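In what follows, a structure is listed as structure tokens, so that the remarks can point back to it.
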Amino acid sequence: MKKIISVVGARPNFMKVAPIHKAFQKLVTRHSSLVTHKICHTGQHYDDKMSKIFFDELEMPKPDFYLGVGSGSHAEQTARVIIEFEKILLSEKPDLVIVVGDVNSTIACALTAVKLGIKVAHVEAGLRSFDRTMPEEINRILTDSISDYLFVTEKSGLENLKREGVSEDKMFFTGNVMIDSIVNFLSKVENSKILENLFLLPFNFLLVTLHRPSNVDSEKNLKNIINLLNSLSKKIKIIFPVHPRTRKNLESFGLLETLNSNIILTEPLGYIDFIALVKNSSLVLTDSGGIQEETTYLGVPCVTLRATTERPVTVDIGTNYLVGEDTHAAEKVCRDILANQFKKGQIPEFWDGHAAERIANILLNDQR
Ligand code: UD1
């Protein structure tokens, strides 16, 4: 019997671990003595709207362990996770820890496990933006370098790992677990009432998300983005679910009052309503990592307010446009898209709803 603990910490982790848990549950139903799968929530994100709603909607069980680390500087947050997670590992003694994505909880838990001689699997390995000013890039590089299993979502990830000298027997091209969640919950998404609630017609609004420190912690950059939104909102209604980091800065820079009335701010939304908005929007303007993938899968044009992406397949064959921090360039691309000039895009290989099953099968059959 293999004992496995998967870690979630921040919002983008939940929709990645939900399908992994489901895949293990399926295996348990068939061979009850094969695996025990437990979930540890570090508490990096803790608001109901940033955390609990995802457990409910994604049909995940209550976490077996909750570390309650909360917010803080990078050092404080990472250190608190390490201290608390070590206690769990010492008492549970799992065979394997699964970490996903690139948040502080990812590297903190991978490091804690590996130092105790526990094997680590990293889901969403190999992605590189080549921008080391991003905290996530540091988290990705370090996590990959100490993991025993590297599960890769797109081929660029395999190339990056090979270039960094990772041995091929650690790498597995298994596809994208985030897409598994969209596939699993598409019927719930179809039943969402969010369009009616916000008085929206399909393909008649632009959806915005912003949370990256480089965009929202700088007053100048955030002001430029708000000017962009004000200008675009003269042409189309804008829906803007606001991340807590972004709300704080909009308030402290005095920018909330400057927003045009055609821009509708909401609290952070749950998974089902958010995907329903993405699926029905004319265009998504974002600085998120995962939303670049979700728009590509759903065939919705995406304009990414970043200079680099660790997910190049979304630009090469998907619907994503990378416009950097130049809001004039962003405005031109957005206007072209709203005038119906945009690439249609294709779905990348193995973004098919079965990535988590591939991962679970590899982990249970591998004897290392
Ligand atoms: C974190 C991840 C980022 C991910 C993002 C998704 C790191 C380094 N960053 O960034 O990769 O894309 O999550 O959201 O791990 N806050 C609340 N309630 C919460 C959580 C946060 O109010 O439930 C506020 C706190 O004031 C906190 C701030 O938001 O200081 C930022 O939270 P934090 O977890 O530090 O980083 P994110 O910007 O969310």
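Predicted model only: the values in this text are computed from it and were never measured. Each ligand, and each atom within it, is numbered from 1 in the order the structure gives.
The heavy atom nearest to atom 25 (C) of ligand 1, considering only Gly9, Ser71, Pro268, is found in Ser71.
Among the atoms of His211, some N or O lies under 3.5 angstrom from an N or O of ligand 1. The shortest N or O to N or O distance between Arg212 and ligand 1 is not under 3.5 Å.
Judged by a 6.0 Å distance limit and a 45° cone about the ring axis, Arg358 is positioned over the six-membered ring of Phe350. Relative to the ring axis of Phe342, Lys344 places its NZ or CZ within 45° and under 6.0 Å from the centre. With a 6.0 Å cutoff to the six-membered ring centre and a 45° limit on the axis angle, Lys343 counts as a cation-pi contact of Tyr321.
What sits closest to atom 9 (N) of ligand 1 on the protein, heavy atoms only, is Glu136 OE2, 3.7 Å. Ranking protein heavy atoms by distance to atom 2 (C) of ligand 1, first place goes to Val103 CG1, 3.7 Å. The nearest protein atom to atom 18 (N) of ligand 1, hydrogens excluded, is given as Asp47 OD2, 2.9 Å; this is a heavy-atom distance. Of the protein's non-hydrogen atoms, His45 CD2, 3.3 Å is the one closest to atom 20 (C) of ligand 1. Counting only heavy atoms of the protein, atom 16 (N) of ligand 1 lies nearest to Tyr46 OH, 3.5 Å. Summary of contacts: the protein heavy atom closest to atom 8 (C) of ligand 1 is Asn104 OD1, 3.2 Å. Here the protein heavy atom with the shortest distance to atom 38 (O) of ligand 1 is Arg245 NE, 2.7 Å.
Taking CG of Leu298 as the reference point, atom CG of Asn280 lies at 9.5 Å (rounded to 0.5 Å). One distance of note links CD1 of Ile359 with OG1 of Thr174; it measures 4.0 Å at 0.5 Å rounding.
Listed by number with element, the atoms of ligand 1 under 4.0 angstrom from any heavy atom of Pro12 are 6 (C). Each of the following atoms of ligand 1 lies closer than 4.0 Å to a heavy atom of His74: 8 (C). Per-residue contacts place Lys248 under 4.0 angstrom from the following atoms of ligand 1 (heavy atoms of the residue considered): 25 (C), 26 (O). Remark: ligand 1 atoms within the under-4.0 Å shell around heavy atoms of Pro244 are 16 (N), 17 (C), 18 (N), 22 (O), 24 (C), 29 (O).
Between His41 and Tyr66, the ring planes lie perpendicular to each other; the angle is over 60°, past the 30° to 60° tilted range.
Other residues sharing a hydrophobic cluster with Phe203 under the 4.5 Å side-chain heavy-atom criterion for ILVMFWY residues do not exist; the residue is a singleton.
Salt bridge absent: Glu159 and Lys162 never bring a charged side-chain N and a carboxylate O closer than 4.0 Å.
Side-chain atoms of Ser288 and Thr209 include no donor-acceptor pair closer than 3.5 Å.
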